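Predicted, not measured: the structure shown is a model, and the values here were computed from it.
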Amino acid sequence: MSKRFAVLLCAVAMPVLTPSAFAQSADATTAADAPAASEDGLPDVIVTARRRTENAQKVPAALSVVGGDLIDQSYTVNTQGLTTLIPSLNYSSANPRNTAFTIRGLGSSVVAVSQANDGLEPGVGFYIDQVYHARPATAAFDFADIAQVEELRGPQGTLFGKNTTAGALNITTRAPTFTQEGFAELSYGTRNFVQAKGWVSGPITDSIAYRISGVSTRRDGVIDNIRTGRDTNTLGTQAVRGQLLFKPDDTIQMRVIADFTNFQAYCCGQVYLRTGTSLRAANRQFGGPTGLAAQFGYTPASTNPYDRVTDIDGPLGVDTNEGGVSAITDWNLGFATLTSVSAWRFWNWDAENDRDYTGLPVQLSQHIPSRQDQYSQELRLASNGTGPISWVAGLYGFRQKLVGRPISIYGPAAARYLIGTTTGAANTPVPSNLLDGYGQDGRTDFRSLSYAAFGEVNWRIVPTVTATVGLRYTQEDKDGYYTTTVSGGPVTTSTALINARLGVLRPQSYEAHDSDGSLSGRGNIAWQATDNTMAYASYARGFKSGGINMSGLPLDNNNRPVLATAVVRPERNETYEVGIKNTLFDRRLIFNLDGFYTKVRDFQATVVENSLTQTVQLRGYLSNIPEVTVKGIEADITAIILPGLSARTSFAYSDGEYSNYPAGPCPLEVQTAATTQCSLTGRRLASLPRFALTAGLDYTRPIGSGEVFAHIDTASRSGYNGDPSLSRFTYIRGYNLTNANIGYRFADGLELIVWARNLLDADYIQNLTIQAGNSGLILGSPSEPRTIGGTLRFRI
């Protein structure tokens, strides 16, 4: 009994750092851990999509599961790699901070909307070992020793810590074991790619076990900077995780996890993709005989993005890290299991980039050093047993503080490039050095407090029919403070020149507060038609909490921030879904199919102000558009084709549109010098491929005292628009990415593997950017070229 109280005392000690609130834990079991129903059949896949361990085929919801074995076999070491295995998941990242995830096209569909603004939350929740990560930037880091990844589609606010309209990524790491085990892997490949990862686990005493995991990755750059002679977009990451499992008896256990991850690299640059044209004056566009490039006698390093060449002249670099400590305690009370999840996490960010993306000294520096601390506490009570009624109820609390320092400095080419040779009604000549050394410095401070109560009940009405109802009430309070000052540049007394300079960067200072309470929930009914077939229908109402614009506001005619635009209202999401799950042919085939329809009101996106309160410097800012709709069909198939040969494929069709978007940003091709806004109503949703397909094969055959094995996975996506303006110049063509490996496993556990990433050397654009100032220059992040390498792997 004293051991039980010791464990509980530790669990109680953690929440003193956090707001009071609590929840239940259930560590996911991988497919490899689950028993197979027959000797040659597919094993059960156990998930925690409803915060209790269940067979995935019995959960009435659309989800995709990637087990730890597949993660290891496919060399998936970060969330970006998951998009090769899950078609409904999309990932876009200009750098580790500006990272965006979408599920079914919803979430933060544009990188700039997603992470350049610290006052907004993502629409896709990201959880590791039941702990919510508030900034998706932390999801860009490498991970090791993963037990399972669950992609949960649709609103997940009822049982998960934070309300998310699009879905959630629920990642579970492998827990400490009371049997000794270990794993070590060393890989080397093209461009001096070196990766080492491994873990070790075992008992300390009869009631305490440990686990230590780590990964380190290095690689030379994939983009050649011909100006500096240094390759850009290198890789340099390392991560370590330590765990202790306290299990004094069979009724109580506590798992304590501490982790730290660091990313240091000469990164992240983009290359010339294309030049678009607008209706602006010819000398204010990038291309053409009188355009900006010609005025400076400038020629891009290459006009073929797949040459992977740049000539940026500004500083480049990323130095960011994150980590934290969590404690998960489970206590079986007999009638129910009580679970506490307590956590503290931090995130440090600093990176510098050449935001004009050219060899011209337009912008000398831009970076936003940031620091985030978050505290969370969850308490859940979940019923035990197999009776007709099961339930889970809980409380949740979350507190976040995020401070930043926006810094921007312009160079000697900025005045000509951004303003021109004359300005004002009198066509006042603009000195070429007007912006040289001119810049801003500032401070942002964002704080949020969230607390919620939730519950869900499952009622087995008859042996084959189960109804589920769940509700959650969440209260969110947020405060934001933003201030910037400007300085530098040559002294001038000309009103026209002062106004021209302020039109590029203008000091701002404002504070804002937002408080909102919201009820969300879901309901479904599941029919177990046969032992192997289940059909279901569901309705979910979710919301993505409101936020505060933390990147500056549009100004009124007196050059004061329009405070009415500081607060972004919550998104409201309604999703209808039907599906069927089948386990066929003596468990040799799993075939799941679902269809969905989602309507989002007050979708958080970029809008453009065009009214009497708007200055000549037209500004897009984050706000709400009335309505977005997405509908589609998804299918998942897993099969054992022959002994030793298994296959899987997943398909997603999504039709998303801005069903009501009256004040959107204008496509480049219709922009003029005037301040205009454009209706995008009826247009396709940005960053959403209409079709996405993933497929894979695994083959194992005994040879000699060991076995040979082969793995291949491939992903195809149709084209989509990569910018919210939906310009024809920002369309990203569809692509296919294929990875493969082949190896031999010796009887003693040693493995020798040869592998290829991007086996077919496909060229495609991962994401794109319109250069600030709307000159028409379009930049892009090209795909990484084919990488071939070898791995030495050993298991104990």
Looking at side-chain heavy atoms only, is the closest gap between [X] and [Y] below 4.5 Å?
{"X": "Leu668", "Y": "Thr277", "answer": "no"}
{"X": "Val430", "Y": "Leu497", "answer": "yes"}
{"X": "Phe729", "Y": "Tyr731", "answer": "no"}
{"X": "Asn736", "Y": "Thr738", "answer": "yes"}
{"X": "Pro305", "Y": "Leu273", "answer": "yes"}
{"X": "Lys401", "Y": "Ser448", "answer": "no"}
{"X": "Gln238", "Y": "Arg218", "answer": "yes"}
{"X": "Val504", "Y": "Tyr410", "answer": "yes"}

Should Asp350 and Thr320 be marked as a side chain to side chain contact (heavy atoms under 4.5 Å, CB included) after you check the CA-CA gap, both sets of side-chain angles, and the distance that decides it?
-> CA-CA 6 Å; Asp350 193 11; Thr320 180; over 6 Å; no
State whether a side-chain donor-acceptor pair under 3.5 Å links [X] with [Y].
{"X": "Ser783", "Y": "Tyr306", "answer": "no"}
{"X": "Thr217", "Y": "Gln195", "answer": "yes"}
{"X": "Arg786", "Y": "Thr190", "answer": "no"}
{"X": "Thr76", "Y": "Ser74", "answer": "yes"}
{"X": "Glu352", "Y": "Ser365", "answer": "yes"}
{"X": "Gln372", "Y": "Gln400", "answer": "yes"}
{"X": "Asp311", "Y": "Tyr357", "answer": "no"}
{"X": "Gln270", "Y": "Ser781", "answer": "yes"}
{"X": "Asp307", "Y": "Ser302", "answer": "yes"}
{"X": "Thr261", "Y": "Asp259", "answer": "no"}

Given Thr730 and Asp723, is the side chain to side chain donor-acceptor pair (under 3.5 Å) satisfied, shown in steps?
-> CA-CA 6 Å; Thr730 57; Asp723 185 80; 4.8 Å; no
Tell me the closest heavy-atom pair linking [X] and [Y], and the distance in Å.
{"X": "Pro122", "Y": "Ala134", "answer": "CD-O, 3.6 Å"}
{"X": "Cys666", "Y": "Ser725", "answer": "O-CB, 3.6 Å"}
{"X": "Ser408", "Y": "Gln363", "answer": "OG-NE2, 2.6 Å"}
{"X": "Tyr720", "Y": "Gln766", "answer": "OH-O, 3.8 Å"}
{"X": "Leu768", "Y": "Ile732", "answer": "CD2-CG1, 3.6 Å"}
{"X": "Ser727", "Y": "Asn721", "answer": "O-ND2, 2.9 Å"}

Under 6.0 Å from the six-membered ring centre of Tyr266 and within 45° of its axis: does the NZ or CZ of Arg230 meet both?
-> yes
Report the residue from Ile226, Asn225, Asp354, Leu779 that forms a side-chain contact (heavy atoms from CB on, under 4.5 Å) with Thr310.
->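 So the option named by the test is Asn225.
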Among Thr694, Val66, Ile103, which residue meets the side-chain contact (heavy atoms from CB on, under 4.5 Å) test with Ile86?
-> Val66
Atom [atom1] of [X] and atom [atom2] of [Y]: how far apart are they, to the nearest 0.5 Å?
{"X": "Arg443", "Y": "Tyr482", "atom1": "CZ", "atom2": "OH", "value": "13.5 Å"}
{"X": "Gln374", "Y": "Phe346", "atom1": "CD", "atom2": "CZ", "value": "11.5 Å"}
{"X": "Leu726", "Y": "Glu669", "atom1": "CG", "atom2": "CD", "value": "9.5 Å"}
{"X": "Leu505", "Y": "Thr485", "atom1": "CG", "atom2": "OG1", "value": "10.5 Å"}
{"X": "Asp373", "Y": "Arg447", "atom1": "CG", "atom2": "CZ", "value": "10.0 Å"}

Considering residues at least two apart in sequence or located in another chain, which fulfil the ring pair (Phe, Tyr, Trp, His ring centres under 6.0 Å) criterion with Tyr438?
-> none
Would you check if the side chain of Lys544 reaches a backbone N or O of Glu121 as a donor-acceptor pair within less than 3.5 Å?
->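 It does hold such a pair.
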Between [Y] and [X], is the closest basic N to carboxylate O distance under 4.0 Å?
{"X": "Arg733", "Y": "Asp763", "value": "no"}
{"X": "Arg371", "Y": "Glu322", "value": "no"}
{"X": "Glu784", "Y": "Arg219", "value": "yes"}

Report yes if the distance between the aromatic ring centroids of Trp755 and Phe193 is under 6.0 Å, otherwise no.
-> yes
Should Arg308 and Asn233 be marked as a side chain to side chain donor-acceptor pair (under 3.5 Å) after you check the CA-CA gap, both sets of side-chain angles, and the distance that decides it?
-> CA-CA 10 Å; Arg308 298 177 176 86; Asn233 290 21; over 6 Å; no
For Phe263 and Asn321, run side chain to side chain contact (heavy atoms under 4.5 Å, CB included): C-alpha distance rounded to whole Å, both residues' side-chain angles, the deciding distance at 0.1 Å, then the answer.
-> CA-CA 6 Å; Phe263 185 100; Asn321 55 72; over 6 Å; no
Determine, step by step, whether Asn262 and Gln264 satisfy the side chain to side chain contact (heavy atoms under 4.5 Å, CB included) criterion, reporting the C-alpha distance in whole Å, the side-chain angles of both residues, the deciding distance to 0.1 Å, and the verdict.
-> CA-CA 7 Å; Asn262 178 250; Gln264 289 180 310; 3.2 Å; yes
Is the number of heavy atoms from other residues, nucleotides or ligands within 6.0 Å of CZ (Arg405) greater than 12?
->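 No.
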For the residue pair His133 and Phe126, categorise the inter-ring angle as parallel (less than 30°), tilted (30 to 60°) or perpendicular (more than 60°).
->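 Because their plane-to-plane angle is over 60°, the rings of His133 and Phe126 count as perpendicular.
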Run the numbers on Asn283 and Gln295 for side chain to side chain contact (heavy atoms under 4.5 Å, CB included), then give the verdict.
-> CA-CA 8 Å; Asn283 66 348; Gln295 293 174 42; 3.5 Å; yes
